[in-house]
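Report on one structure; see the data block that follows.
Numbering of ligands and ligand atoms starts at 1, following listing order. All of these numbers come straight from a predicted model, not from anything done at the bench.
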Amino acid sequence: MFLNDNLKIFSGSSNTALASAVCKYLGIVLGGANIDRFPDGEKVIKLEDDVRGRDCFVLQSTCKPVDEHLMELLIYLDCLRRASAKRITAVIPYFGYARQDRKDEGRVPITAKLVANIITTAGADRVLAIDLHAHQLQGFFDIPVDHLSSELVLCSYFRDKKISNLAVVSPDVGNIKTAAKYAAHLGGDLAIVHKKRISGSTVQANEIIGDVQGKNVLMCDDIIATAGTVCSAAGLLKERGAQKIYIGAAHGVFAGQALERLEQAPIDEVVVTDTIPPNEEAKKLGNIKVLSVAEMLGEAIKRIHRNESVSSMFNNI
Ligand code: R5P
C-alpha cells in the first residue's frame, strides 16, 4: 500500500494492540513517543518522531481508567499541536462519557459535550470514532467527525454464521434504527424490547414488541457495560420462546457484574470488537468473541489522509 511519510500514527496507552494492527494494515511503523510520569504523578509525553507539517493521527480509547486515558489523549493532542503537526485527528474507537448526552433530570452535567469541547480545545482538527452512543454526538463537536459503524465487521461475522429463522432484536428503543439495519442486511424480522433503567447497573426488560417465538435472536447494542440491558432482555426473550440468543455490540466495557451476568444469562454467544482491549477475565469466558476493527479503522485513516470518501466504505455491507 503506498502511503508517503507525511502520515503519522501515534498511540495512547489504552489500546496499543489496536494501534499496531492499524499500522500493520497500512504498512507503516507506529509513531515513536515516550509516555512517562513526573514523580508527582503528572503525565508527560515526548514525541520521538518529527511531525512538523505532517498529517497526524493519535489513537486512544477513553475506556477504563477513563479520566486517565482522556487526560493522556488531551496531552497528546497538545503535544502534536505544539510540535507543528499540519492536521491532527483524534482516533477514538471508544468514546467514554458519551452516555451523559442530555439533561434528563435537574442538576446533572452533559459530559459528552464537555469532553467534545476539551478534545477540540486541546488541538484536534478532526475526530474519527466508532459507534458513538448516539449519532447526534457528531454535532457535539465543532470539527469534522467521521463516524464509523461496527456493523461492517459484526454483520459480516453474523452473515457467515447463516443463522436460520432470525429475529433481530433491539434491547431498547434507542437502538431501533441500528437493529432495523441489521435486519435489512441479514434478512430477519425485527423486535424491540421495552426496558426500564432502575439504576446505573440495574435494568428491567418489561415487554417485547414483535414475535420471537421459535426464532434465533441477534440482539445488537452499542455498549455492553454492566450487561444489565442485554441480560435482562435475554431472560425475557427466552420466556417468550426464543431459541438461540446471540449478542453483537461494538464496545465490550464489561464493568461491575457484567461477566458474571453474561455467564449466567441464557446467551449463546457475545460478540464485541476490540475498540476496548478485552481483559483477561473476559477472554476466559467461552462464549465471548472479539472481532477486530483494525482494518476498518486503517482503511478510514487511509481515506481521510488521501481526501477520499469514508462513507462509501459502508455502501455494501
Ligand atoms: C443504552 O442506551 C445503551 O445503548 C446500552 O444499552 C447500555 O448503555 C448498556 O449498559 P448496561 O450494559 O450497563 O446495561
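Salt bridge present: E68 and R37 bring a charged side-chain N and a carboxylate O closer than 4.0 Å. For E295 and K302, the salt-bridge test fails: no basic side-chain N is under 4.0 Å from an acidic carboxylate O. Using a 4.0 Å cut-off between charged nitrogen and carboxylate oxygen, D125 and R87 do not count as a salt-bridge pair.
Between F95 and F141, the gap from one ring centroid to the other is short of 6.0 Å.
The 4.0 Å heavy-atom shell around ligand 1 contains residues R99, H133, D172, K195, R197, D221, D222, I223, I224, A225, T226, A227, G228, T229, ordered by chain and number.
Side-chain atoms of Q60 do not come within 3.5 Å of backbone N or O of A90 as any donor-acceptor pair.
Under 3.5 Å, the side chains of Y25 and E299 contain a donor-acceptor pair of N or O atoms.
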